[in-house]
Protein chains: 2
Amino acid sequence: MKKNTFGEQSLKLHKKLKGKIEVVPKIKVKDKKDLSLAYTPGVAAVSKWVAGNKEAMWTHTIKANTVAVVTDGSAVLGLGNIGPEGGMPVMEGKALLFKELAGVDAFPICLATQDEEEIVRTVKNIAVGFGGINLEDICAPRCFVIEERLKKELDIPVFHDDQHGTAIVALTALINALKLAKKNIGQIKMVINGAGAAAMACANLFMRAGISGKNILMLDQTGIIFEGRKESMNEYKEKMAALTNPGKIKGGLSEALNGADVFVGVSAGNVLTGQMVEKMADKPIVFAMANPDPEISYEEAKKAKIFIFGTGRSDYPNQINNALAFPGIFRGALDARAKAITDEMKLSAAYAIAKLVPKMELKTDNIIPSALDKRVAKAVASAVKKASGKA
Amino acid sequence: MKKNTFGEQSLKLHKKLKGKIEVVPKIKVKDKKDLSLAYTPGVAAVSKWVAGNKEAMWTHTIKANTVAVVTDGSAVLGLGNIGPEGGMPVMEGKALLFKELAGVDAFPICLATQDEEEIVRTVKNIAVGFGGINLEDICAPRCFVIEERLKKELDIPVFHDDQHGTAIVALTALINALKLAKKNIGQIKMVINGAGAAAMACANLFMRAGISGKNILMLDQTGIIFEGRKESMNEYKEKMAALTNPGKIKGGLSEALNGADVFVGVSAGNVLTGQMVEKMADKPIVFAMANPDPEISYEEAKKAKIFIFGTGRSDYPNQINNALAFPGIFRGALDARAKAITDEMKLSAAYAIAKLVPKMELKTDNIIPSALDKRVAKAVASAVKKASGKA
């Protein structure tokens, strides 16, 4: 009922506003002189200067502060492949948050193609005027290929937020959850339920943060992924099979959770039961990030005595929300004029957000700051800049 | 000297501002509820609605008010092929004027390709989120092909401003000049110097406005264009050769101007001399629109006793400035949700602008309103809407 209400109100709001962002001049053009400086004939000198000295794109044009928010609409929120039109309201929302939280100018680019090669070409063709590319709501495994290629072929940061934004904020939650559980990241056993974009990025970043691959089990809809599995594998699952599950454990979620310290859900609603949670180690940590319905409901989680419970939802405690990461990530990268978002930047960002919940405020239902906490983007940007070597 | 000063001041201004436009939210996101409506979970309902009902792009997203300003940087101002980076400051300037003069949100898209096919594909791929495409500073004949294809393959207005914006405003100037010269549009003889994008569009629109093709001579750098000419022709010049110059007059500008009532210059600086003007008919009308240096200087024009003299420059009287047309053209087209900018719309726009200079104010050095006159975009938008049948 509450969800419906949000939906109805949101529809009304969008119709009233006709979209959530606008493009406005930074200066007023009141007279002929203003016009001669902002436009012809004065602008000719700027065009010549920038054409001859392309670095001036970063000093004399909007490139320095502008990010394209690009989607093909193939994996919009939890709604699946609803196309670029369906993606538009989400991209506008991200653009709004970019500006509101980090002062970054972001513009939605919704693509009328879902072809990998075509997406790469299109983004490369339009990248000149942007200081960064935020890929969004593109399904796996396409998103991996697109991101990898664009990272190689462009000289500006390319960041698939569904992957890395999720991974960064999940790592933030994990860092603080482990403080409360008094467990060491090097020793914990983790189950990652899901093998899509976000799951892969979480696994990779968590390993960079110190979790041992041998303590990770990843599952897709077929079950636990192991080296040599034949059914429904792909290049990315193969890589994960090689890095995790050295014992080649087989089975479903219930088997996987035996003695696990942490459950990371990037899958679908209501796949985790109280009985399964009972098989986990002492002080179970559950991040049920499926949207809009988490892998286990808040009520079930309470019954199952989960020690720390986080979801993607704003109406429960511990919201693991990408909006904590992406605005500051790009703010920092643009300020550092970074050519890429590195793993070091992502790790630093996660630790910087985690630090914003001081020890005395850290509680099982308060492990992560609010997405609207204005300190977050600043802390993330500063961490990213530092990690880039340009602080 | 004055030009240099504009250039230097403009460089300073651009560096200070780091670009001339920004992307800002239409609403504040102050609390979790705002976030739930502008972004998840509320936005999911909007995404679903728009995906299932694509017309809602026009009511629930920024598409309804947003235009892409697209260039490949192949013909930037009078600077030639200086590339997409060089085009950026001009595209930002247009975006600024779009908003300032007509409340249209416009965003610069500078393309890293100058391949026709690639440009068409890229624009088609990104068009979903835009209500119109303003092509800009793309060289001829590429611009014709690109515009024609995009018009056919997209269902939103596509308008190459260098062609049609110039043609509309030149027609405005002509309409009012002819009132003062007391000449009838059906009888005047016209020389169009230039055979590029703007020249072709001027010839076409002028013919639609009542100038007889048999009274037009068009020239390129080779000389007067005539049917059967072999040297440096292309598909578009062939068409023009068939429509104009039935007497197959040959020669250069001097020959062409024999008895001409109107000279339309869309060529290069200082190619028209006082001696040539002497060969024109009584009350010669000269629109010398080359930028930054007109086909004949203001001083020379005065000496040559030109009856009405217009240029592209803001520092002389009678500025024939595209900014009089494009903001209102798109304002009207977006409001009418037009699928194309038709010749009827362009003609109506030209007459609407001309009417803004009332009879009693009409003088040889005041045939056209100022680009900053706030009435212009409104009048143009209303004329365009009317011509679309949706006023």
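From a predicted model like this one, the values you see are computed outputs, not experimental measurements. Lettering of chains follows the sequences in order, A, B, ..., and the numbering in each one begins at 1.
Of all the listed residues (A:Ile126, A:Val123, A:Val43), the one sharing the greatest number of non-hydrogen pairs under 4.5 Å with chain B is A:Val43. Annotation: maximal heavy-atom pairing with chain B below 4.5 Å, among A:Val50, A:Ile21, A:Thr40, occurs at A:Ile21. In terms of heavy-atom pairs under 4.5 angstrom with chain B, the leader among A:Leu111, A:Leu11, A:Thr122 is A:Leu11. Heavy-atom pairs under 4.5 Å with chain A peak, among B:Asn65, B:Val70, B:Leu35, at B:Leu35. For chain B, the option among A:Gly129, A:Pro25, A:Gly93 with the highest count of heavy-atom pairs below 4.5 Å is A:Pro25. The most heavy-atom pairs under 4.5 Å with chain A, out of B:Ile109, B:Thr113, B:Leu37, B:Ile27, come from B:Leu37. By number of non-hydrogen pairs under 4.5 angstrom with chain B, the leading residue of A:Thr61, A:Asp34, A:Val29 is A:Thr61. Between chain B and the options A:Glu118, A:Lys32, A:Gln319, A:Lys124, the largest number of non-hydrogen pairs under 4.5 Å is found for A:Glu118. For the set B:Ala56, B:Pro108, B:Ala106, B:Ala127, the count of heavy-atom pairs under 4.5 angstrom toward chain A peaks at B:Ala106. Of the listed residues (B:Asn321, B:Ile119, B:Leu79), the one with the most heavy-atom contacts under 4.5 Å to chain A is B:Leu79.
Side chain of B:Lys26 to main chain of A:Leu17: a donor-acceptor pair is present (N/O by atom type, distance under 3.5 Å, no hydrogens or angles). Within the 3.5 Å criterion, the main-chain N or O of B:Ala38 finds a donor-acceptor partner in the side chain of A:Lys20. Of the possible donor and acceptor atoms, none in the side chain of B:Lys54 sits under 3.5 Å from a partner among the backbone N and O of A:Gly86.
Both the backbone and the side chain of B:Asn125 come within less than 4.5 Å of a heavy atom in chain A. Both the backbone and the side chain of B:Glu22 come within less than 4.5 Å of a heavy atom of chain A. Contact annotation for A:Val76: only side-chain heavy atoms (C-beta onward) come within less than 4.5 Å of a heavy atom of chain B. For B:Ala64, the part sitting under 4.5 Å from any heavy atom of chain A is the side chain, from C-beta outward, and nothing else. Both the backbone and the side chain of B:Leu96 have a heavy atom closer than 4.5 Å to some heavy atom of chain A. Of the atoms belonging to B:Leu372, it is side-chain heavy atoms, and not backbone ones, that fall under 4.5 Å from chain A. The contact between B:Ala371 and chain A is made entirely by side chain atoms (from C-beta outward), counting heavy-atom distances below 4.5 Å. Looking at B:Lys30, the atoms closer than 4.5 Å to chain A (heavy atoms on both sides) all sit in the backbone: N, CA, C or O.
Between B:Glu92 and A:Ile62 there is a side-chain heavy-atom pair separated by less than 4.5 Å. In this structure, the side chains of B:Val128 and A:Glu85 come closer than 4.5 Å at one or more pairs of heavy atoms. Side-chain contact between A:Arg121 and B:Arg121 is present, with at least one heavy-atom pair separated by less than 4.5 Å. By the 4.5 Å heavy-atom criterion applied to side chains, A:Met57 and B:Met88 are counted as neighbours.
To the nearest 0.5 angstrom, A:Leu77 atom CG is 5.5 Å from B:Ser47 atom OG. Interatomic distance, CZ of A:Phe130 versus SG of B:Cys110, reported as 9.0 Å (0.5 Å rounding). Atom CH2 of A:Trp49 and atom NZ of B:Lys15 lie 8.0 Å apart (nearest 0.5 Å).
Legend: salt bridge (Lys or Arg N to Asp or Glu O under 4.0 Å) pairs involving residues 35-48 of chain A, not counting sequence neighbours: none detected.
When only modelled atom types and interatomic distance are considered, B:Gln9 and A:Lys33 share a side-chain donor-acceptor pair under 3.5 Å.
Aromatic ring orientation, B:Phe107 versus A:Phe107: parallel (interplanar angle below 30°, classes split at 30° and 60°).
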Task: From CA spacing to verdict: side chain to side chain contact (heavy atoms under 4.5 Å, CB included), A:Lys18, B:Trp58 - done: CA-CA 8 Å; A:Lys18 283 197 175 191; B:Trp58 293 94; over 6 Å; no

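For B:Ser36 against A:Ser314, the heavy-atom pair with the smallest separation is OG-OG, 3.4 Å.
Listed in order of number, the residues of residues 97-104 of chain A that approach chain B to under 4.5 Å between heavy atoms are A:Leu97, A:Lys99, A:Glu100.
Residue B:Lys374 places its NZ atom among more than 12 non-hydrogen atoms of other residues, nucleotides or ligands, all under 6.0 Å distant.
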